[in-house]
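Encoded as structure tokens, here's the structure I'll be asking about.
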Amino acid sequence: QVQLVESGGGLVQAGGSLRLSCAASGRTFSNYGMGWFRQAPGKEREFVATINWSGGITYYADSVKGRFTISGDNAKNTVYLQMNSLKPEDTAVYYCAARSSYGPSRYQYDYAYWGQGTQVTVSS
């Protein structure tokens with residue numbers, strides 16, 4: 001059974017940093033795409049970042065480009081989201097997701113597995 005468990009969320013002041021982790025179990029994801037999405041209160045879930053784990057290809061939403069970095073550790077079967085220069089508008093529940101196919105994707109429908117989410121709150 002595939003499981004994705006996020007951690008690292010919390011409360012931070014604007015301008016601060018957090019690193020989210022997503023530990024995957026039940027299969028090896030080194031050949032598949034992984035992504036981070038987020039959902040703010042009253043809004044739809046949106047794409048944040050994605051990585052082609054084995055090849056290191058990454059894509060980012062325009063709103064986080066230059067501030068967030070997605071990376072993966074094959075040995076730990078874990079994907080990370082380093083978030084710097086955080087803004088109040090980054091406040092959301094952040095979800096990790098895994099594809100069952102090769103390659104990164106910006107689209108939620110491409111992802112077969114989802115974590116339970118971790119709350120990130122940025123105060124002004």
How close do Y111 and G33 get, counting heavy atoms only, and between which atoms?
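Looks like CE2-O, 4.2 Å.
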For a 4.5 angstrom cut-off between non-hydrogen side-chain atoms, does W36 reach C96?
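Yes, at least one pair of side-chain atoms sits under 4.5 Å.
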How far does OG1 of T50 sit from OH of Y59, to the nearest 0.5 angstrom?
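Reported to 0.5 Å precision, the distance equals 9.0 Å.
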Identify, with sequence neighbours excluded, every residue that meets ring-ring contact (aromatic ring centres under 6.0 Å, His included) alongside Y80.
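Result, ring-ring contact (aromatic ring centres under 6.0 Å, His included) vs Y80: none returned.
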Residue list, ring-ring contact (aromatic ring centres under 6.0 Å, His included) with Y95, at least two apart or on another chain
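Expected list: none.
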Is there a path of hydrophobic side-chain contacts, each under 4.5 Å between heavy atoms of I/L/V/M/F/W/Y residues, joining I70 to V5?
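Not linked; separate clusters.
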Using side chain to side chain contact (heavy atoms under 4.5 Å, CB included) as the criterion, list what pairs up with T121, not counting sequence neighbours.
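Here the qualifying residues are L11, T91, Q119.
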For residues 66-89, pull every pair meeting salt bridge (Lys or Arg N to Asp or Glu O under 4.0 Å), keeping only residues two or more places apart or in separate chains.
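Qualifying pairs, neighbours excluded: R67-D90.
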Spatial distance of atom OH (Y94) from atom CG (L18) [nearest 0.5 Å]:
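Taking OH in Y94 and CG in L18, the distance rounds to 9.0 Å.
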Could you tell me which residues satisfy side chain to side chain contact (heavy atoms under 4.5 Å, CB included) with A98, sequence neighbours excluded, listed by chain and number?
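Listed in chain order: L4, F29, M34, Y113.
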Hey, could you give me each pair passing salt bridge (Lys or Arg N to Asp or Glu O under 4.0 Å) that has a residue in residues 42-51? Not counting sequence neighbours.
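Pairs touching residues 42-51 that pass the test: R38-E46.
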Can you list the residues that meet the salt bridge (charged side-chain N to carboxylate O under 4.0 Å, His left out) rule with R106, with sequence neighbours excluded?
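Expected list: none.
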If you look at every heavy atom in L81 and A49, which pair is closest and at what distance?
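Closest heavy-atom pair between L81 and A49: CD1-CB, 4.1 Å.
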Straight-line distance of R99 CZ to S105 OG, nearest 0.5 Å:
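Nearest 0.5 Å value for the CZ-OG distance: 5.0 Å.
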Connecting only ILVMFWY residues whose side-chain heavy atoms lie within less than 4.5 Å of each other, what is the rest of Y109's hydrophobic cluster?
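Besides Y109, the hydrophobic cluster comprises Y107, listed by chain and residue number.
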I'd like to check the side-chain hydrogen bond (donor to acceptor under 3.5 Å, both in side chains) partners of S17; sequence neighbours left out, ordered by chain and number.
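Per chain and number, S17 pairs via side-chain hydrogen bond (donor to acceptor under 3.5 Å, both in side chains) with N84.
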Can you find a pair of side-chain heavy atoms, one from R19 and one from M83, that are under 4.5 Å apart?
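No. Closest side-chain heavy atoms not under 4.5 Å.
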Tell me every residue that passes side chain to side chain contact (heavy atoms under 4.5 Å, CB included) with A61, counting only those two or more places apart in sequence or in another chain.
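Checked A61 against side chain to side chain contact (heavy atoms under 4.5 Å, CB included); matches are F47, S63, V64.
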Is a donor on one side and an acceptor on the other found under 3.5 Å between the side chain of E6 and the backbone of G117?
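Yes; at least one donor-acceptor contact below 3.5 Å.
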Nearest atoms (heavy-atom pairs only) where Y32 meets Y102
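That would be CD2-N, 4.1 Å.
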Considering only heavy atoms from C-beta outward, does the side chain of S21 approach that of T78 to under 4.5 Å?
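Contact flag for S21/T78 side chains = yes.
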For the CD1 atom of I57 and the CG atom of N52, what is their distance to the nearest 0.5 Å?
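Between atom CD1 of I57 and atom CG of N52 there are 5.0 Å.
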Residues that T118 engages under side-chain hydrogen bond (donor to acceptor under 3.5 Å, both in side chains), provided they are two or more places apart
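Scan of T118 (side-chain hydrogen bond (donor to acceptor under 3.5 Å, both in side chains), adjacent residues dropped) gives none.
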With sequence neighbours excluded, tell me which residues meet side chain to side chain contact (heavy atoms under 4.5 Å, CB included) with T69.
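Side chain to side chain contact (heavy atoms under 4.5 Å, CB included) list for T69, sorted by chain: Y60, Q82.
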